Number of protein chains: 2
Amino acid sequence: MKQKEYQKDDTIGAINRHKILAAAEVEFALHGFAGTRVQHIADRAQLPKTNVLYYFKSKEGLYLALLEDILSLWNGEFDHATVDDDPAIVLANYIADKMEISRTRPDASKIFALEIINGAPNLSGFFKDQHASWMKARVQVIEQWIEHDKLSALDPHYLLFNIWATCQHYADFAIQITELRGKPMDENDFKDATNNLVALILKGCGLAVPDTFITTKTKN
Amino acid sequence: MKQKEYQKDDTIGAINRHKILAAAEVEFALHGFAGTRVQHIADRAQLPKTNVLYYFKSKEGLYLALLEDILSLWNGEFDHATVDDDPAIVLANYIADKMEISRTRPDASKIFALEIINGAPNLSGFFKDQHASWMKARVQVIEQWIEHDKLSALDPHYLLFNIWATCQHYADFAIQITELRGKPMDENDFKDATNNLVALILKGCGLAVPDTFITTKTKN
DNA sequence: CAAAAACTAGACCATTTGGTCAAGGGTTGG
DNA sequence: CCAACCCTTGACCAAATGGTCTAGTTTTTG
């Protein structure tokens, strides 16, 4: 973070750091922090182990750097929504965003999940505070929507939890999903899943589903 | 499994095995398989480490025994539902069951989640097959409900995934939830969350919410 | 072009940790 | 009461692994 600002992206160091982070993301997602071997990260990045330790002081240092990268994904459109916005549009887009992250960055999602399940031992107080205040602000907006009868009465906390839960699930439990569907989810399946989920949640909140999120299938 | 059938529950061996399993559940949930120390399990069970290895041949043996216990939780009411049942009742009860497991056995839920996230390396083919055929049967019932216009059209797979996702979330992400709500969820909070979730999903499916799942609050 | 800085890499080490062993203590059934 | 079995326990070990050291190579910079 500190160096990256002024550092070019095409120096040998930057390239290697990037390769290592990418390899680490796969390994940590698959084996957790304790179960991951520095050697395996090195192998995957096609570098000697010593190099990994050279660029990142330690296994923990690498993990923390990765985690910081991952947390930066957790921002989006919804962050700036106000009462005046249409809840149907805002929520649908929020869900679509989250689903898109699950599709394109499943390992990031898994690492975050592992971190939380294990008691969030590496999430900084700063992140937690930031997250808590984000939550508070979003809850207020949703409550205002409810007051203005734009949304049926429900606890905004649970609504948000349920959205996160469902979206994350498509990344974290991808193996199970693949097993049960008989095939992995491709981009189209994700679109279907997103539209299904948007419909479920929006209708569940008493909202109409925006046209853009209605699947037009031959199947009636 | 093999011995338990004829073994009494009050022998010294059975008691210790039970203590060890309980301790292991906490430790594995908190640190994952690789991150868990046999010594810590022993400490928590208040037994010497050698005892743990005496009762269970190895760390992996203990983990597998625990996992088997946990998987037995994954059965419930919905297993026997048919077209003739009321989908609103069946689904609401299914959600309530799952939420109850999240409340009472959060560590079991976490271990299962860790297992899936890490690629399900220890889930037997038997379990997977069983699970897949369970899924197929449930999907059929839901499709029949849809054909009979008891439910709005949606993909049954995604509906089930979304239910699992939300229910599991209250166990797996309990730390985050506590952080964001400012306090841990007690039994009453779980009841609220359950009713919120039932309302969201049932309304999302075009179903009326059974009376038993409507929270009567002073808050309008 | 020379020197400093960045990078590569094999050899090596200290520690941690799952697991073994042998010896002894309790319990139970005949 | 004794013998077989179950249980307890400290001492110990081999393997794995994160990390260091040193030495050399390449790249950058003045």
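Remember, predicted model here, so these are calculated numbers, not experimental data.
Spacing between atom CZ of B:Phe56 and atom C1' of C:dG19 amounts to 16 Å, rounded to whole angstrom units. A straight line from CD1 of B:Ile41 to C1' of C:dG18 spans 11 Å, rounded to a whole angstrom. In this entry the distance linking CD of A:Gln46 with C1' of C:dA9 reads 16 Å, nearest Å. The OH-P distance, from A:Tyr55 to C:dA5, rounds to 17 Å in whole Å. Distance A:Lys59 NZ to D:dG18 P: 5 Å, rounded to the nearest Å. Rounded to whole angstrom, the span from the CD atom of B:Gln39 across to the P atom of C:dG19 amounts to 13 Å. Distance, A:Tyr63 OH to D:dG18 C1': 17 Å, rounded to whole Å. The distance from atom CD of A:Glu60 to atom P of D:dG19 is 8 Å, rounded to the nearest whole Å.
The six-membered or imidazole ring of A:Trp74 lies away from that of A:Phe127, with a centre-to-centre distance of 6.0 Å or more.
For the pair A:Asn16 and C:dA6, the criterion of a side-chain N or O lying under 4.0 Å from OP1 or OP2 is not met.
Under 3.5 Å, the side chains of B:Thr166 and A:Asn162 contain no donor-acceptor pair of N or O atoms.
Atoms CD1 and NE2, from B:Ile117 and A:His31 in turn, are 13.5 Å apart once rounded to the nearest 0.5 Å.
Nearest nucleotide to the side chain of A:Ser58, out of C:dT8, D:dG19, D:dT8: D:dG19. When each of C:dT8, C:dG19, D:dT20 is scored by its nearest atom to the side-chain atoms of A:Leu53, the top-ranked nucleotide is D:dT20. Looking at the side chain of B:Tyr54, the nearest of the listed nucleotides C:dG19, D:dT20, D:dT8 is D:dT8. Nearest nucleotide to the A:Arg37 side chain, out of D:dG18, C:dA9, C:dT17: D:dG18.
The side-chain tip of B:Arg138 points at the ring of B:Phe78 from less than 6.0 angstrom away and within 45° of straight on.
Along DNA chain D, the nucleotide nearest to B:Leu47 and the one nearest to A:Ile12 differ in position, and the one closer to the 5' end is contacted by B:Leu47. Both B:Thr50 and A:Val38 sit near DNA chain D, but only B:Thr50 has its closest nucleotide nearer the 5' end.
The base of D:dG19 is paired with the side chain of A:Lys49 by a donor and an acceptor separated by under 3.5 Å.
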### Query
Hey, mind stepping through B:Asp43 and B:Lys49 against salt bridge (Lys or Arg N to Asp or Glu O under 4.0 Å) and telling me if it holds?
CA-CA 8 Å; B:Asp43 292 348; B:Lys49 186 182 79 167; over 6 Å; no
